[in-house]
Amino acid sequence: MSKKPVNRRSFIAASAAAGAAISLPAKSYAAVAGANDKLNIGFLGTGGRCQQHIDVIVDMRDEGKPVVPFAVCDVWDGDEKLGKRTGDKKGRSGRGLYPSAKTCGIALDAGKNRISKDYRAILDNKDVDVICIATPDHWHARMAIDAMDAGKCVYMEKPMTRTIAEAIAVVDTAVKKNKVVTVGVQSMADPTWRAAHEYIAAGNIGHVLQGQTSYFRNYIGGQWRYYPLQADMTPKTIDWDMWLGHKFTSVDGSPLGPTPKEQPFDRAVWAQWRCYWPFGGGMFTDLFVHQTTHMLAAMGLRFPSRVVGAGGIYLEYDGRDVPDVATVVADFEEGAQFLVSATMCNDTQLGEIIRGRLATIKFVGGGDYIKGFDVFAQGLAGGPQKPKSDNGTEKPVHQFVNDKSGNATYALWENFLQCVRDKQRQTLSTPELGAAAFSTVNMGVQSYRQGKVLFWDKEKRAPREADSTWASQWEARSKKHAKPNNIIGWHGGDKGNTVTPPEYQKLEGPWTNGADPVGGQ
């Protein structure tokens, strides 16, 4: 392992995979087939997060790039003051249908196939090339599948869907229709995670044993209660029936959401829907999926084998369904474990770490673009190693310095739009990776709510209730490859075994018929 820090520029020069994380500058668009043809973007769900997507496309348009913020859909008329940028000189308006149309520069008389409360009208518009989905989670899959069936490519916000079956269906549709889909985990625009994966894949940290990450926050008003409720949010300005989705079916034939009788109109449910199970997955899917996606990418893992979810509502007694403390532990058949944890009542992070037998990777900094990572060696000689301090006294044996900065959402969009032009499905944040990350955290939701440990069924591509075979298979493997009277055989009996036993371990073994296992020596 090199002790010389590696700058991002020098790293990507030697790694084509890492180079894929760099978006093309504006002048490179002309080199792409069909790059001069403008792509028309339709936005479904123009709430808070979608305003950032609209900003990106408006900025690209104003920079002369061939994109157009072409159509908008939301079930709420909107409010020009809500979310309006202070001191904005670009004419950006507020949230909701009509303010978003104004921000995009769409005339209010442009027609229902460009400004609508029914997403199907936007999909029916043959001039729309790309759909951006930023609705509540329960609508993601239905809209994405319908959009691909209508010939559109899709940028869908995380989490991909509300259920695992929906995530699998989105992947299958993208493959069948050969459509470009990206999942809006903006940290995937950061080259650090790809650099870490390349470093790990080269064998530099040995067998990957464990990864950990967290997403801690602390807000006295309650998680997601910072979305404001307004008096003008009423059944007159919001199509509540449409928003609930009870007249639409999911991939399993069940309604997307409850009926108005089951869930009467409520401003809190409307604006703060992440607090309620029918519409999302709380911290598990809304926050954990950020960290889980890039950590699985770095570790080279996808679907877990075994998942348990824990937590509870310990402080935020405000009528919510979802926990304010949560943890997911996922085990993988590759012989690795992943842990993600959070509370909304304390903001001290666990840190993002990947542990291997030979070295440990510690990721530095936070946000969409982190500073990079440091690698710390493990000492394996002699007896058991003492825990290493975390006070910075150990010097890293390798460093990756990330000098990329700016708007990660912009970078993810730029990569996605280029892939659309190239008809290349391998975006920086593919639905295949998104489905694996979502399934991991959603199994945590199910485990928490059902009180069960879950296995992943690879053939059925669905979770099932766990049994004792996870522990028993590892115990059986240990006994199968243990050869205490043959140290060479013990060490080399299985490729995954990295134990070098001490000489006295020859004395191990059961006494049979009163005989010493080492022949009485």
Side-chain angles (χ1 to χ4, degrees), residues 26 29 34-135 139 143 146-147 150-157 230 232-243 270-271 407 409-410 413-414 416-417 420-421:
Y29 271 90
N36 293 324
D37 297 329
K38 292 183 179 180
L39 292 174
N40 292 329
I41 316 298
F43 300 94
L44 309 184
T46 55
R49 176 57 179 158
C50 191
Q51 298 309 306
Q52 295 166 329
H53 297 306
I54 291 174
D55 282 351
V56 164
I57 300 303
V58 169
D59 284 345
M60 286 183 173
R61 177 200 64 192
D62 294 347
E63 292 162 6
K65 294 180 179 178
V67 292
V68 179
F70 190 77
V72 291
C73 173
D74 200 281
V75 297
W76 179 41
D77 290 350
D79 188 317
E80 288 201 14
K81 296 180 181 179
L82 183 61
K84 186 177 179 65
R85 289 62 155 184
T86 302
D88 182 20
K89 297 180 180 180
K90 296 184 178 181
R92 310 289 167 89
S93 194
R95 300 174 187 171
L97 183 60
Y98 299 114
S100 296
K102 182 178 179 180
T103 297
C104 291
I106 305 171
L108 296 184
D109 60 356
K112 291 186 177 180
N113 63 350
R114 294 189 65 187
I115 303 175
S116 179
K117 289 190 173 184
D118 189 331
Y119 77 99
R120 293 169 295 186
I122 307 299
L123 298 189
D124 287 343
N125 189 330
K126 302 298 183 183
D127 291 328
V128 173
D129 303 298
V130 170
I131 290 295
C132 172
I133 301 171
T135 60
W139 270 105
M143 289 179 170
D146 289 350
K152 323 294 186 186
C153 293
V154 176
Y155 183 117
M156 58 192 311
E157 257 302 329
Q230 297 191 182
D232 62 355
M233 294 175 176
T234 72
K236 291 183 178 180
T237 62
I238 296 172
D239 188 339
W240 185 243
D241 201 56
M242 183 72 174
W243 187 84
W270 148 252
N407 187 333
T409 300
Y410 187 108
W413 265 102
E414 196 169 25
F416 167 66
L417 293 173
V420 171
R421 296 181 185 283

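Nothing here was measured: the structure is a model prediction, and the numbers come from that model.
- The backbone N or O of G78 sits nowhere less than 3.5 Å from a side-chain atom of R95 that would complete a donor-acceptor pair.
- In terms of the salt bridge (charged side-chain N to carboxylate O under 4.0 Å, His left out) criterion, D124 has no residue partners (sequence neighbours excluded).
- With sequence neighbours left out, the side-chain contact (heavy atoms from CB on, under 4.5 Å) criterion links D62 to V58, R92.
- In this structure D77 satisfies the side-chain hydrogen bond (donor to acceptor under 3.5 Å, both in side chains) test together with K117, sequence neighbours excluded.
- Evaluation of the side-chain hydrogen bond (donor to acceptor under 3.5 Å, both in side chains) rule for D241 yields H246, K247 as partners, not counting sequence neighbours.
- One finds the CG atom of D146 at 10.0 Å from the CG atom of L44 (value rounded to the nearest 0.5 Å).
- When all heavy atoms of V128 and K152 are compared, the closest pair comes out as O-NZ, 2.8 Å.
- Remark: K112 engages no residue in a salt bridge (charged side-chain N to carboxylate O under 4.0 Å, His left out) (not counting sequence neighbours).
- Nearest heavy atom pair, residue A147 against residue V154, reads CB-CG2, 3.8 Å.
- For T409, the side-chain hydrogen bond (donor to acceptor under 3.5 Å, both in side chains) partners are R49, not counting sequence neighbours.
- At distances below 3.5 Å, not a single donor-acceptor pair connects side-chain atoms of R114 with backbone N or O atoms of A107.
- Looking only at distances, no side-chain donor or acceptor of T135 sits under 3.5 Å from a matching main-chain atom of G45.
- Considering only residues two or more places apart in sequence or on other chains, Y410 meets the side-chain hydrogen bond (donor to acceptor under 3.5 Å, both in side chains) condition with E63, K65.
- Partners of A121 according to the side-chain contact (heavy atoms from CB on, under 4.5 Å) rule, which considers only residues two or more places apart in sequence or in another chain, are S116.
- With sequence neighbours excluded, the residues that form a ring-ring contact (aromatic ring centres under 6.0 Å, His included) with Y155 are H53, W413, F416.
- Residues G42 and I122 approach most closely at CA-CG2, 4.4 Å, considering heavy atoms.
- By the side-chain contact (heavy atoms from CB on, under 4.5 Å) test, D129 pairs with L39, N40, sequence neighbours left out.
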